Amino acid sequence: MTTLRTAAIILGKELRLEFRARELLTATVVFALVVVVLFSFAFDPTPAESRRYGPGLLWIAFLFAGSLMLNPSFAREQSNETLDALRMAPVSRFAILLGKILANFIFMSLAELLLVPIFAVLYNVSLAGIVGRLTLVLALGTLGLTVTGTVFSAISAHARMRELLLPLLLLPILTPLLIAAVESTAALFAEQPTIDRTWVAFLAGFDIVFLTASWLLCDYLLED
Amino acid sequence: MKARLPLTILTALLIFAAGYAALFIAPDEKTMHAIQRIFYFHLPSWIAMFSAFTVVFYANVAYLITRNRKWDALGVSGVEVGVMCCTIGLITGPLWARPVWGIWWTWDARLTSTFILWLLFISYLLLRGLIEDPEKKASLSAIFGIFASLDIPLVYLSNRLWRTQHPQPVILGGPNSGLAPMIAKVLLLCVIAVFCVMILVLVDRYRLEMLRNECAELRFKIESRGSETGSYGLAANQPAMGKAGR
């Protein structure tokens, strides 16, 4: 219980920080939008093709945007040594990590909330009737992205060239998530939208595996 | 230490015997002919790679629990050797696939999974190169190694669900699978030989890493002593700092 309460306090701090500066979210949305627009120039898809390639494009945009957005999560604690202050607090390390994961999950979800409708308009994909199921798929995929991404952000914060390193560490790990998310989104964008239980279960499994691993390893991850 | 030279010679003899057996003793395969012989090094390199990465996973977990630098040295050695075996597998695979499948590469489950595996552990080595602090380098790369190892079954499962084209397992793969007895014998010899080479390189790489650690610690000691007293003396009978000297 105390872990959750502490995580909520960390979450509040992250949200306050972000909504005062509002730089991370804006940059993420614009970046993902640029990817979506560039894709249409590179492939000039017909309506049938955009149904075929749309899910992949959408998730590639999210993954790239996420791998850039997650970088400051720990890197900005580095400049004023504020992570040491967090560590000194008598709270569990997992609460700190969980707070940051939740904050990143919210940022990423907000970015997706803005991007999905724009994507649907640009690529002629109808969202009517699938909003609930799409939200489930997006939430599961985003959770996996933010769990691994936040942990790797803590790793890359200690390295040189961290902006380049984070995508290098993160994107290969996320390939199973990408496949599962794209397949389950494609099933929803099809003529007869269906929910692909196998892939949704796979996404949930991915989240559980890496959430458990972060819980087990967070003491080592956030040590002095 | 004394056993090193005889073991090296033994391994060299083994790998030469394996090469000879694979090229001249093994029978010609019915449909693929000579090109099939690459299989005698393709499969053993995968087995060696999986053994190396198993060592890596074990070493990563052991490092985080014990904080003994020897596990970190074993981890990085295992990754380098594993990446080497993986590279051999990724090169011999397409060489075989081009005449047999007609294409160099296909995005099949096993091919894709091993390619991702290769990328993951290349990232592990990059990560180590980019962290200065040795303690941080060891613990953070161990965490990344564990995450990467956890990811491999998921990569394989996802690709398996997605699509697959790689030949089904020939050994223990069902009623009609199995190898001709002579092929099986040669293959076993090759597996043992390549495995021994992997172990030999791994042990040498591990000793090199331990020596490097010891050097770094001694250098640090000399420098800190020099700055304190202005002299560069090094007490010869003092054990090396930390656990590297043991």
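Values in this document were obtained by computation on a predicted structure and should not be read as measured data. In what follows, chains carry the letters A, B, and so on, assigned in the order in which the sequence lines appear, proteins first and then strands, with residues in each chain numbered from 1. Every heavy atom of this structure was used, including side-chain atoms; hydrogens, water molecules and symmetry mates were not.
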For this session: Give the C-alpha distance, both sets of side-chain angles, the deciding distance and a yes or no for side-chain contact (heavy atoms from CB on, under 4.5 Å) between B:K136 and A:E223.
Result: CA-CA 9 Å; B:K136 279 271 170 246; A:E223 68 193 358; 4.2 Å; yes
For this session: For A:F210 and B:D151, run side-chain contact (heavy atoms from CB on, under 4.5 Å): C-alpha distance rounded to whole Å, both residues' side-chain angles, the deciding distance at 0.1 Å, then the answer.
Result: CA-CA 9 Å; A:F210 285 107; B:D151 200 46; 3.6 Å; yes
Problem set entry | B:L140/A:H158 under side-chain contact (heavy atoms from CB on, under 4.5 Å): CA gap, chis, key distance, verdict | CA-CA 9 Å; B:L140 293 177; A:H158 292 280; 3.5 Å; yes
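Heavy atoms of other residues, nucleotides or ligands lying less than 6.0 angstrom from CZ of A:R52 number 12 at most. Heavy atoms of other residues, nucleotides or ligands lying less than 6.0 angstrom from OH of B:Y58 number 12 at most. The number of heavy atoms from other shown groups lying within 6.0 Å of CZ (A:F119) is above 12.
Annotation: side chain of A:T175 is not in contact with side chain of B:S158 (no heavy-atom distance under 4.5 Å). Looking at heavy atoms from C-beta onward, A:L169 lies out of side-chain contact with B:Y124 at the 4.5 angstrom threshold.
If you measure heavy-atom distances from A:I173 to chain B, the contacts under 4.5 Å come from both the backbone and the side chain. Using a 4.5 Å cut-off between heavy atoms, A:L165 touches chain B through its side chain atoms alone. Using a 4.5 Å cut-off between heavy atoms, A:F202 touches chain B through its side chain atoms alone. Only the side chain of B:I146 has a heavy atom closer than 4.5 Å to any heavy atom of chain A. Of the atoms belonging to A:S156, not a single heavy atom falls under 4.5 Å from chain B. With a threshold of 4.5 angstrom between heavy atoms, A:E183 approaches chain B through side-chain atoms but not through N, CA, C or O.
Listed options B:L157, B:L130, B:L64 were ranked by heavy-atom pairs under 4.5 angstrom with chain A; first place goes to B:L130.
Between the CG atom in B:L126 and the CE atom in A:M161 there is a gap of 7.5 Å [rounded to 0.5 Å]. The structure places CG of A:L166 at 11.0 Å from OG of B:S123, a figure rounded to the nearest 0.5 Å.
Checking side-chain atoms of A:R160 against main-chain N and O of B:E132 turns up no donor-acceptor pair under 3.5 Å.
Ring orientation note: the planes of A:F152 and B:F147 are nearly perpendicular, at an angle over 60° on the 30°/60° scale.
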